[in-house]
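Quick note: numbers below take in every heavy atom, side chains included, and nothing from hydrogens, waters or symmetry partners.
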Amino acid sequence: MTLTLGSLSITIKSGALIPVLLMIPNVVWMLVPTSDQSEQASVPIFLTIVENAGRVAVLILPFFFSLDVNKKFSTLALAGIGLALAIYYVSWIRYFVGGRSAELLGEPLLGIPVPMAVAPAVFLVLSSYLMGSWSMLGASIMFGIAHIWVSALSL
């Protein structure tokens, strides 16, 4: 994938950009203390295992693939990826600006329930198309279902 900004041309030979884009707000979240310490919801152990296995897979697998933006539906995939990422970032901004209240983590946005779980799942599934990776697709679906489920239980 080659990005051109004026006379600057950047080639992205790795799907590593995918987990990096998802992790930026998470790193900020780890560095900034939360304003309230809400009690954690009880989540079945199998669901925690599936979510964490999926999380590890979607964070590692992209390093082994390149992004191909010359595929038949690449423009649609990129538009969906951009929209999902925008919704994800807006949800994080709302959380940080809103006093880092735990309730904001699951608050619907534009009618999307638990957008901080749905948006990354959509982002990852569409990214797997650009990578041409069935393993990334499977990991994305596994992570997405478990992450949305866990997030819904935590409301």
Please check if F123 and I141 belong to a single hydrophobic cluster, counting links between Ile, Leu, Val, Met, Phe, Trp and Tyr side chain heavy atoms closer than 4.5 Å.
no
Would you say M142 and V56 are hydrophobically clustered, going by side-chain heavy atoms of ILVMFWY under 4.5 Å?
no
Taking all atoms of both residues into account, what is the closest heavy-atom pair of P108 and R94, and its distance?
O-NH1, 3.0 Å
Within the structure provided, determine whether L110 and P115 are in side-chain contact (heavy-atom separation under 4.5 Å).
no
Let me check something: do V90 and I148 share a hydrophobic cluster, defined by ILVMFWY side-chain heavy atoms less than 4.5 Å apart, either directly or through other members?
yes
L21 and I81: side-chain contact (heavy atoms from CB on, under 4.5 Å), yes or no, with the steps?
CA-CA 11 Å; L21 288 172; I81 286 168; over 6 Å; no
Look up atom CG in L78 and atom CG in L85, then write down how far apart they are to the nearest 0.5 Å.
11.5 Å
What pair of heavy atoms forms the shortest contact from A139 to A57, and how long is it?
CB-CB, 3.6 Å
Testing the basics here: between I87 and A119, what is the closest heavy-atom pair and its distance to 0.1 Å?
CG2-CB, 4.1 Å
Is M116 linked to I145 within one hydrophobic cluster, defined over Ile, Leu, Val, Met, Phe, Trp and Tyr using a side-chain heavy-atom separation of less than 4.5 Å?
no
Out of curiosity, does V114 fall in the hydrophobic cluster containing I93 (side-chain heavy atoms, cut-off under 4.5 Å, transitive links)?
no
W149 and F46 aromatic ring geometry - parallel, tilted or perpendicular at 30°/60° bounds:
perpendicular
Can you find a heavy atom in the side chain of Y129 that is under 4.5 Å from one in the side chain of S140?
no
Shortest non-hydrogen contact from S135 to L61?
O-CD1, 3.7 Å
Of all heavy-atom pairs linking G132 and K71, the shortest is CA-NZ, 3.5 Å
Working to the nearest 0.5 angstrom, can you tell me the gap between F65 CZ and S127 OG?
12.5 Å
Between the OG atom in S133 and the CZ atom in F64, the distance rounded to the nearest 0.5 Å is 11.0 Å
In short, salt bridge (charged side-chain N to carboxylate O under 4.0 Å, His left out) pairs touching residues 143-155 with sequence neighbours left out are none
Which class fits the ring pair F143 and H147: parallel under 30°, tilted 30 to 60°, perpendicular over 60°?
parallel
List the steps and the verdict of side-chain contact (heavy atoms from CB on, under 4.5 Å) for L124 and L22.
CA-CA 9 Å; L124 290 165; L22 280 181; 3.5 Å; yes
Among L109, I112, L104, which one satisfies side-chain contact (heavy atoms from CB on, under 4.5 Å) with S91?
L109
For L67 and M131: C-alpha separation, side-chain torsions, deciding distance, then whether side-chain contact (heavy atoms from CB on, under 4.5 Å) applies.
CA-CA 5 Å; L67 299 174; M131 289 181 223; 3.8 Å; yes
Mind telling me whether W92 and Y95 have parallel, tilted or perpendicular rings, with 30° and 60° as the class edges?
perpendicular
